[in-house]
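Shown next, in structure tokens, is the structure this report addresses.
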Amino acid sequence: MMTNNEEQENAKKAVQSNHPDDFYHQVLGSFKEKEYTEEEVREKQQDWERYEEPEMKKINHNDFPEYFYAGFWIRFWAFCIDLICISAIGSLTITIFFRLFQWPISSASFSIYGLMSLAIYLAYFSVLTKLNRGQTIGKMVFGIRVICFNEEELSWHTVLVREIACRFVFQANPFLYMGYLAAAFTKRKQHAGDYLADTSVVTLNMIKAFNKQAQI
């Protein structure tokens with residue numbers, strides 16, 4: 001039969017076992033059971049912190065004031081220049097090839113000529129955007145550049161999402177070009193593809209002017 005002191009001690013232990021911190025002590029204790037060193041425990045804690053508040057750990061590498069972002073019309077005219085360049089590339093490659101062999105040139109989306117034209121269109125934007133640091137020929141003419149908010153430099157993954165996946169979807173139906181209009185109204189001048197890739201377009205002259213002013 002338990003004495004009063006034993007009953008009080010057991011009740012005290014029961015209260016302590018339900019303490020909110022008890023779970024964390026058990027988790028940390030499990031490290032010791034697996035023979036982790038104190039240094040390994042600290043490393044794992046630091047590595048796993050990103051799972052607690054992932055949004056708080058996100059770094060904005062390219063965070064600009066609103067007036068730094070390129071507006072709809074300057075991007076539209078840059079796009080027109082890019083289309084002229086793409087048309088010239090197509091005329092000097094697949095068009096000559098098709099005419100040389102007297103193959104029918106069809107503008108249908110799923111014709112051989114149409115698919116090859118689409119490949120040139122997507123390759124132009126993706127390769128130049130990645131290898132030329134966010135600038136196609138049209139963007140170079142107007143001094144604008146694609147940037148990603150969570151990457152210092154555009155990765156292939158970001159470029160593939162923005163320049164291939166999104167542009168391919170837009171090409172599927174002319175009505176989907178309405179997705180570009182969002183750049184005229186959104187805070188950071190992002191169209192639908194920019195939202196998916198977490199990108200936007202900035203005006204380089206604004207950045208240069210700001211940097212010169214900051215150095216004075």
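Numbers here are sequence positions counted from 1. As the structure is a computational prediction, the values presented were derived from the model and not from experiment.
- To the nearest 0.5 angstrom, K139 atom NZ is 5.5 Å from T129 atom OG1.
- Within the 4.5 Å cutoff, side-chain heavy atoms of T95 are placed close to those of Y113.
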**Request:** Assess whether side-chain contact (heavy atoms from CB on, under 4.5 Å) is satisfied between I137 and Y124, documenting all intermediate values.
**Result:** CA-CA 10 Å; I137 295 174; Y124 172 89; 3.4 Å; yes
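- The shortest side-chain heavy-atom distance between F97 and M116 does not fall under the 4.5 Å cut-off.
- Salt bridge status for R145 with E153: present, with a side-chain N to carboxylate O gap under 4.0 Å.
- Rounding to the nearest 0.5 Å places OG1 of T136 at 9.5 Å from CZ of F79.
- In this structure, CH2 on W156 lies 7.5 Å from CD1 on I164, to the nearest 0.5 angstrom.
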**Prompt:** Under the side-chain contact (heavy atoms from CB on, under 4.5 Å) criterion, do F168 and L118 qualify, and how do the steps go?
**Reply:** CA-CA 8 Å; F168 177 80; L118 177 61; 3.6 Å; yes
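- Without hydrogens or angle criteria, Q190 side chain to T199 main chain gives a donor-acceptor distance under 3.5 Å.
- Here the shortest heavy-atom pairing between C148 and A197 reads SG-O, 4.0 Å.
- Residues F149 and F68 are members of one and the same hydrophobic cluster, defined by side-chain heavy-atom contacts under 4.5 angstrom among Ile, Leu, Val, Met, Phe, Trp and Tyr.
- The two residues F170 and A192 make their nearest non-hydrogen contact at CZ-CB, 3.8 Å.
- Between K189 and V201 the shortest side-chain heavy-atom distance does not fall below 4.5 Å.
- Nearest heavy-atom pair across I89 and T93 is O-OG1, 2.6 Å.
- A continuous path of Ile, Leu, Val, Met, Phe, Trp and Tyr side chains, each step under 4.5 Å between heavy atoms, connects W77 with V146, placing both in one hydrophobic cluster.
- With values rounded to the nearest 0.5 angstrom, R133 atom CZ is found 12.0 Å from M140 atom CE.
- Between the CZ atom in F76 and the CZ atom in F142 there is a gap of 10.5 Å [rounded to 0.5 Å].
- Between the K130 side chain and the L154 main chain, a donor and an acceptor come within less than 3.5 Å of each other.
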**Worked verdict on L83 versus Y121 for side-chain contact (heavy atoms from CB on, under 4.5 Å)** = CA-CA 8 Å; L83 291 182; Y121 175 85; 3.8 Å; yes
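- The two atoms that bring S155 and E151 nearest to each other are OG-OE2, 2.8 Å, heavy atoms only.
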**Message:** The test is side-chain contact (heavy atoms from CB on, under 4.5 Å); show your working for I120 and I86 and say whether it passes.
**Reply:** CA-CA 7 Å; I120 291 176; I86 293 170; 4.2 Å; yes
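- Under the 4.5 Å side-chain heavy-atom criterion for Ile, Leu, Val, Met, Phe, Trp and Tyr, I147 and I74 are members of distinct hydrophobic clusters.
- Under the 4.5 Å side-chain heavy-atom criterion for Ile, Leu, Val, Met, Phe, Trp and Tyr, I94 and F125 are members of the same hydrophobic cluster.
- Nearest heavy atom pair, residue I144 against residue Q135, reads O-NE2, 3.0 Å.
- Between the S200 side chain and the R188 main chain, a donor and an acceptor come within less than 3.5 Å of each other.
- In I112, the CD1 atom is not crowded: 12 or fewer heavy atoms of neighbouring residues, nucleotides or ligands sit closer than 6.0 Å.
- F101 and L92 are not part of a single hydrophobic cluster, where members link through side-chain heavy atoms under 4.5 Å apart.
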Please list every donor-acceptor pair under 3.5 Å in which a side-chain atom of residues 176-183 meets a protein atom from a residue at least two apart or in another chain.
| unit_1 | atom_1 | unit_2 | atom_2 | d |
| --- | --- | --- | --- | --- |
| Y177 | OH | Q171 | OE1 | 2.0 |
| Y180 | OH | R167 | NH1 | 3.3 |

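- Taken from OH in Y69 to CG in D194, the straight-line distance is 10.5 Å, to the nearest 0.5 Å.
- Of the possible donor and acceptor atoms, none in the side chain of S126 sits under 3.5 Å from a partner among the backbone N and O of L160.
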